[in-house]
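Below is one structure, written out as structure tokens; comments come after it.
Keep in mind the model is a prediction, meaning the values are calculated, not measured.
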Amino acid sequence: MTTFLQLHLLTSYPPACLNRDDLNRPKTAKMGGVDRLRISSQSLKRAWRTSEQFENALAGHMGTRTKLKGVEIFQRLVAAGVKEKDAREWAQAMASRFGKLKGKKVDKPINDLEIEQLAHFSPEEADAINTLADTLAKEQRAPTESDLDLLRKQHTAADIALFGRMLADSPGFNTEAACQVAHAITVHRAAVEDDFFTAVDDLNTREVDAGSAHMGEQGFGAGLFYQYVCIDCDRLRESLGATLAEKSIQALIEAAATVAPTGKQNSFASRAWAYYALAEKGSRQPRALSLAFMKPVREGDMLNEALATLTSMRDNLDKVYYKGVALDSRSINATTGEGDFEALKTWAADCGGGA
């Protein structure tokens, strides 16, 4: 049976604008009849995937998501001495294997080298592209059809294995994500507030004009967020092998617990670590514990109340579905100093085990 690893996090962010909507204000959601602050799963995954911790832990096993691979190939060919006309045609042939290319534009002479949609390239595919480009430049010839067999079903890109990949024009090379990430929401009622700010010109002597040089407004909010992540350990192990799958799980847990989205960090310095983390492992069908917060946590001892509510929901679900038998789990609580984060990561990464 499939082994699932589920991660539940409680993280408190001070005033912040971590994830903005189209109006440049913090994203929100209505749950339990009240407004909550929200951080989208896309924002969370982007922050984790590009974090220094994640990239260092999985060096050599990270993909590149870009529309500009054709431009990169073109520049590599030209730098190797290929005529620009030939380089453009060869780069187009190679890049088009990963998606439909854009049309040519007068004001964007390299627009027809760009892929219409973001494509995620594994390290193996990037190496194959570079090797082919160097071969074509050395032999001064166009790529053959067999040369253009650049897509790889099997690869070691941990981020692609975790978060998936879709290639609309080559669905046979899609990768089903092994990791599902919920939108983080506040466990309590929350409101978006406005920060009115001004900027002063350093060279203004105030002899003529004592006013500010710039005025602006920025939405922000603060809150205690519940976050849920679910990993299909078997799928991840099939994609990456046991050793790399374990490294990927540890890197993901580290990032999820300690890496904040980058939105407006220079303005708010709203970096935070999860104060509580619960990892559960087993073959039961996964379930989030967001139901615990359908009724908003009240003001007061919010940290302890949120944890008590979360624990009670978990226990009650186990009681009615599994006669009170809980999944095998590990947890940390930074407010009480309980638990060991490294031990939790090591246990969680052993994706061949579990209750």
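Residue pairs meeting the ring pair (Phe, Tyr, Trp, His ring centres under 6.0 Å) criterion with at least one partner in residues 13-60, sequence neighbours excluded, are Tyr13-Phe225. For residues 293-316, every residue pair satisfying the ring pair (Phe, Tyr, Trp, His ring centres under 6.0 Å) rule, not counting sequence neighbours, is listed here: Tyr226-Phe293.
In this structure Lys102 satisfies the side chain to side chain donor-acceptor pair (under 3.5 Å) test together with Glu114, sequence neighbours excluded. In terms of the side chain to side chain donor-acceptor pair (under 3.5 Å) criterion, Thr66 has no residue partners (sequence neighbours excluded). In this view, Lys85 and Glu89 satisfy the salt bridge (charged side-chain N to carboxylate O under 4.0 Å, His left out) rule, not counting sequence neighbours. Scored by the ring pair (Phe, Tyr, Trp, His ring centres under 6.0 Å) test, Phe121 finds Phe98 as partners (sequence neighbours excluded).
A distance-only check finds no donor-acceptor pair linking the side chain of Asp35 to the backbone of Ala190 [under 3.5 Å]. Side chain of Asp232 to main chain of Cys179: no donor-acceptor pair is present (N/O by atom type, distance under 3.5 Å, no hydrogens or angles). Between the side chain of Gln265 and the backbone N or O of Ala16 there is no donor-acceptor pair closer than 3.5 Å. Under a 3.5 Å cut-off, the side chain of Ser96 and the backbone N or O of Ala93 do form a donor-acceptor pair. Between the side chain of Asp169 and the backbone N or O of Lys100, at least one donor-acceptor pair lies under 3.5 Å. Using modelled atom types, no side-chain atom of Arg287 and backbone atom of Arg314 make a donor-acceptor pair closer than 3.5 Å.
Checked for salt-bridge contact, Asp328 and Lys281 miss the test: no charged N lies under 4.0 Å from a carboxylate O. Ionic pairing of Glu176 and Arg235 is not present here: no N-O contact between side-chain nitrogen and carboxylate oxygen is shorter than 4.0 angstrom. Salt bridge absent: Asp159 and Arg65 never bring a charged side-chain N and a carboxylate O closer than 4.0 Å. No salt bridge links Lys27 with Asp21; every basic N to acidic carboxylate O contact stays at or beyond 4.0 Å. Under the 4.0 Å criterion applied to side-chain N and carboxylate O atoms, Arg25 and Asp194 are assigned as salt-bridge partners.
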(message) Using side chain to side chain donor-acceptor pair (under 3.5 Å), reason through Glu55 and Thr50 one step at a time and then give a plain yes or no.
(response) CA-CA 7 Å; Glu55 291 182 342; Thr50 60; 5.8 Å; no
(message) side-chain contact (heavy atoms from CB on, under 4.5 Å) for Val229 and Gln180? Distances and angles first, verdict last.
(response) CA-CA 6 Å; Val229 179; Gln180 300 169 341; over 6 Å; no
(message) The test is side-chain contact (heavy atoms from CB on, under 4.5 Å); show your working for Val187 and Glu305 and say whether it passes.
(response) CA-CA 10 Å; Val187 303; Glu305 184 178 341; over 6 Å; no
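The cluster map of Ile, Leu, Val, Met, Phe, Trp and Tyr, joined by side-chain heavy atoms under 4.5 Å apart, puts Phe163 and Leu118 in different clusters.
The shortest heavy-atom contact between Ala245 and Leu236 is O-CD2, 3.8 Å.
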